[in-house]
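Atoms within a ligand are numbered from 1 in the order they appear, just like the ligands themselves.
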Amino acid sequence: MSCVFCRIVAGELPSERVFESERVLAFRDIRPAAPVHVLVVPKAHVESLFELVDRELAGELLVGAAEVARSQGLERGFRLIANIRHDGGQEVGHLHLHVVGGRRLGPMLAR
Ligand code: 5GP
Ligand code: ZN
């Protein structure tokens, strides 16, 4: 298995897990961009949001992100980011939502 997030889900690579549900896992980003930076991923491999068709899984990912935000004390707010495919700047080809917060974030779009 070559996908790094599939290997994290399988426990073959270490990660700091912060949330888990039946089909979703959340763990801290290895290079955090803010005090809280958590990745929320489907346990089954889906390449990106572009390929996502499972509405139940979509809901579980979104609610997972909200649960992460609550458990990480992000009541002041946070940002939810999905980088998608080449033009979206996606580096890891396994769908993930970034939950980023714990400080005031700057303007959203990098140009
Ligand atoms: P992308 O640009 O694909 O949206 O973001 C991928 C994210 O995955 C990056 O923020 C990067 O730091 C994170 N990442 C890459 N490899 C690993 C890893 O092995 N473990 C963890 N926890 N995060 C990773
Ligand atoms: Zn994968």
- Is the closest basic N to carboxylate O distance between K43 and E22 below 4.0 Å? no
Between the CG atom in N83 and the NE2 atom in H96, the distance rounded to the nearest 0.5 Å is 6.0 Å
Quick note on ligand 1: atoms under 4.0 Å from a heavy atom of H98 include exactly 1 (P), 4 (O), 5 (O), 7 (C), 10 (O)
for atom 20 (N) of ligand 1, nearest protein heavy atom and its distance come out as I8 CD1, 3.5 Å
The atom name of the N, O or S atom in H94 nearest to the Zn ion (ligand 2) is ND1
field: F27 six-ring centre to R17 NZ/CZ under 6.0 Å and within 45° of normal
entry: no
Within 4.0 Å of some non-hydrogen atom of N83, the atoms of ligand 1 are 1 (P), 2 (O), 4 (O)
Judged by atom type as modelled, is there a donor-acceptor pair below 3.5 Å linking the side chain of E12 to the main-chain atoms of R7?
-> no
(Q) Can you tell me if L13 contacts ligand 1 (heavy atom of the residue under 4.0 Å from the ligand)? (A) no
Ligand 1 to Q90, heavy atom cutoff 4.0 Å, flagged ligand atoms 3 (O)
Output for pair (L95 CG, L39 CG), nearest 0.5 Å, gives 11.0 Å
Do ligand 1 and E91 have nitrogen or oxygen atoms that lie under 3.5 Å from each other? yes
Evaluate the ring planes of H94 and F5, with Trp represented by its six-membered ring, and classify them as parallel (under 30°), tilted (30 to 60°) or perpendicular (over 60°). perpendicular
Test side-chain hydrogen bond (donor to acceptor under 3.5 Å, both in side chains), reference Q72, set E67, H37, R28, output is R28
the protein heavy atom lying closest to atom 10 (O) of ligand 1 turns out to be D29 OD2, 2.5 Å
Self-check item: Contact check: R28 vs ligand 1, nitrogen or oxygen atoms, below 3.5 angstrom
Solution: yes
Ligand 1 contact by H96, heavy-atom criterion under 4.0 angstrom:
yes
| query | Short N/O distance, under 3.5 Å, between F5 and ligand 1? | reply | no
Closest to the Zn ion (ligand 2), among the N/O/S atoms of H45, is atom ND1
request  = Please assess L80 against L62 for the test side chain to side chain contact (heavy atoms under 4.5 Å, CB included), listing each intermediate value before the final yes or no.
outcome  = CA-CA 9 Å; L80 188 61; L62 202 55; 3.6 Å; yes
In short, H45 meets G93 closest at the heavy-atom pair CE1-O, 3.0 Å
If you scan protein heavy atoms around atom 14 (N) of ligand 1, the nearest is I30 CG2, 3.9 Å
V40 and L25: side chain to side chain contact (heavy atoms under 4.5 Å, CB included), yes or no, with the steps? CA-CA 6 Å; V40 183; L25 178 68; over 6 Å; no
Nearest non-hydrogen protein atom to atom 2 (O) of ligand 1, with distance, is G89 O, 3.2 Å
R31 heavy atoms within 4.0 Å reach ligand 1 at atoms 12 (O)
### Query
Would you call F19 and V24 a side-chain contact if the rule is heavy atoms closer than 4.5 Å?
yes
Logged contact type for V4 with ligand 1, heavy-atom cut-off 4.0 Å, is side chain
Closest to atom 15 (C) of ligand 1 among protein heavy atoms sits V92 CG2, 4.0 Å
